Every structure is written in C-alpha cells, then in structure tokens.
Amino acid sequence: QVQLVESGGGLVQTGGSLRLSCAASGYTFSTYNMGWFRQAPGKEREFVAAISWGGGNTMYADSVKGRFTISRDNAKNTVYLQMNSLKPEDTAVYYCAASRHTIVVITTQEYDYWGQGTQVTVSS
C-alpha cells in the first residue's frame with residue numbers, strides 16, 4: 001500500500017535550520033508531483049512548497065520563499081524540505097503529499113496521498 005513517512009522534525013531556535021525528509025513507497029514515486037503542507041494548531045492546513053515529478057519545476061508559498069527549498073531524489077523515492085532562517089510562525093505539523101496532476105498544484109484537494117506528519121517547533 002502507499003506510504004509516505006516524514007522525518008526530521010524537531011525543536012529549533014529562531015534562525016535555525018531543519019531538513020525534513022519524506023520517504024515514499026507503494027507507488028511509482030517518479031511519476032508524481034510532490035508537495036509539503038503544514039498545519040498549526042487551530043488553523044487550516046496550508047501549502048508550503050511543491051515540486052514536479054522530474055524536479056524541474058518548484059513552487060513556494062510567499063511566506064517561505066527564499067528560506068525553504070524543496071528537492072527530490074527519485075532514485076531514493078524521497079522528497080526533502082530544507083528549512084533555513086526558521087521563525088516561530090513556522091511552528092506546525094508538516095505533511096508531505098503526492099499528486100498525480102500533470103502540473104504542480106497547491107491545494108490540498110488535488111493531492112492523492114498524505115503522510116502522517118512531523119512536528120516542527122521553533123522557539124523564540
């Protein structure tokens with residue numbers, strides 16, 4: 001069955017960095033676009049970043065542009081989110097997701113598979 005397993009979350013101080021990983025299995029990873037979303041307590045899940053199946057096209061939420069970088073390794077069936085210059089407002093549970101759309105998409109409804117999430121906490 002399809003599995004997306006996130007890792008790399010944790011507690012970091014403001015200005016610090018974390019690298020999230022999402023290991024995929026149970027489907028043909030290299031044919032799906034991938035995305036990262038996050039959900040803070042009491043808020044809706046929001047788009048963070050997405051990458052096309054081949055890695056040549058990426059999109060970012062305005063709030064993370066210039067600080068976060070999404071990448072993927074199709075040989076390892078893994079997508080990454082490098083997060084730098086972290087801020088307290090980045091605190092959330094981070095989810096990776098897979099979409100079979102032919103273009104990179106940013107809404108939750110357009111993603112087919114989801115991971116369980118990993119907690120990121122940024123202390124001030």
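None of the values given here were measured: they were computed from a predicted structure.
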request  = May I have the step-by-step check of side-chain contact (heavy atoms from CB on, under 4.5 Å) for Tyr60 and Phe47, ending in yes or no?
outcome  = CA-CA 8 Å; Tyr60 296 92; Phe47 169 75; 5.5 Å; no
key: Nearest heavy-atom neighbours spanning Ala40 and Ala92   = N-CB, 3.8 Å
query = CH2 of Trp36 to OG1 of Thr118: how many Å apart, nearest 0.5 Å?
reply = 7.5 Å
ask   = Between Val122 and Leu20, is there a shared hydrophobic cluster once you connect ILVMFWY residues whose side-chain heavy atoms come closer than 4.5 Å?
value = yes
task = Go through the steps for Leu4 and Tyr95 under the test side-chain contact (heavy atoms from CB on, under 4.5 Å), then give the verdict.
result = CA-CA 9 Å; Leu4 296 174; Tyr95 299 89; over 6 Å; no
query = For the hydrophobic clusters of this structure (ILVMFWY residues joined by side-chain heavy atoms under 4.5 Å, transitively), does one cluster hold both Val2 and Val79?
reply = yes
inquiry  = If we ignore hydrogens and angles and just use 3.5 Å, is the side chain of Asn74 paired with the main-chain N or O of Trp53 as donor and acceptor?
reply    = yes
key: Pairwise distance CD1(Ile51) to CZ(Arg72) - rounded to 0.5 angstrom   = 6.0 Å
request  = Report yes or no: is the cationic atom of Arg45 (NZ for Lys, CZ for Arg) under 6.0 Å from the centre of the six-membered ring of Trp114, at an angle within 45° of the ring normal?
outcome  = yes
key: Ser63 side, atom OG; Glu89 side, atom CD - distance, nearest 0.5 Å   = 9.0 Å
Step-by-step side-chain contact (heavy atoms from CB on, under 4.5 Å) determination, Val120 to Leu18 = CA-CA 9 Å; Val120 171; Leu18 283 174; 3.9 Å; yes
key: Thr91 and Gln119, any side-chain heavy atoms less than 4.5 Å apart   = yes
query = Going hydrophobic residue to hydrophobic residue with side-chain gaps under 4.5 angstrom, can you get from Met59 over to Ile70?
reply = no
message = Counting only heavy atoms not in Gln116 (residues, nucleotides, ligands), do more than 12 fall under 6.0 Å from its CD?
response = no
ask   = Taking side chain as C-beta onward, heavy atoms only, is Tyr80 less than 4.5 Å from Asp73?
value = yes
inquiry  = Side-chain heavy atoms nearer than 4.5 Å, only ILVMFWY residues, links allowed to pass through others: does that put Tyr111 and Ile106 together?
reply    = yes
query = Would Thr108 and Glu44 satisfy side-chain contact (heavy atoms from CB on, under 4.5 Å), going step by step from the backbone distance to the final call?
reply = CA-CA 10 Å; Thr108 57; Glu44 292 191 353; over 6 Å; no
query = What closest approach, in Å, do Ser21 and Thr78 show between heavy atoms, and which atom pair accounts for it?
reply = CB-CG2, 4.3 Å
message = For Tyr32, is there any backbone N or O sitting under 3.5 Å from a side-chain donor or acceptor partner on Arg100?
response = no
inquiry  = Between Ser17 and Gln82, is there a side-chain heavy-atom distance shorter than 4.5 Å?
reply    = yes
query = Between Leu11 and Ser123, is any pair of side-chain heavy atoms under 4.5 Å apart?
reply = yes
task = Evaluate the side-chain proximity of Thr69 to Leu81: yes if any heavy-atom separation is below 4.5 Å, no if none is.
result = no
ask   = Distance from Ser25 atom OG to Gln3 atom CD, nearest 0.5 Å?
value = 4.5 Å
query = Salt bridge or not for Asp62 and Lys65, using N-O below 4.0 Å?
reply = yes
inquiry  = For a 4.5 angstrom cut-off between non-hydrogen side-chain atoms, does Glu6 reach Tyr94?
reply    = no
ask   = Between atom CZ of Arg38 and atom CZ of Phe68, what is the distance when rounded to the nearest 0.5 Å?
value = 5.5 Å
query = Which distance, rounded to the nearest 0.5 Å, do you find between the CE of Met34 and the SG of Cys22?
reply = 4.5 Å
ask   = For Ser99 and Asn33, does a side-chain donor sit closer than 3.5 Å to a side-chain acceptor?
value = no
ask   = Are Val5 and Phe37 joined in one hydrophobic group, where the rule is that I, L, V, M, F, W and Y side chains link up if heavy atoms are under 4.5 Å apart?
value = no
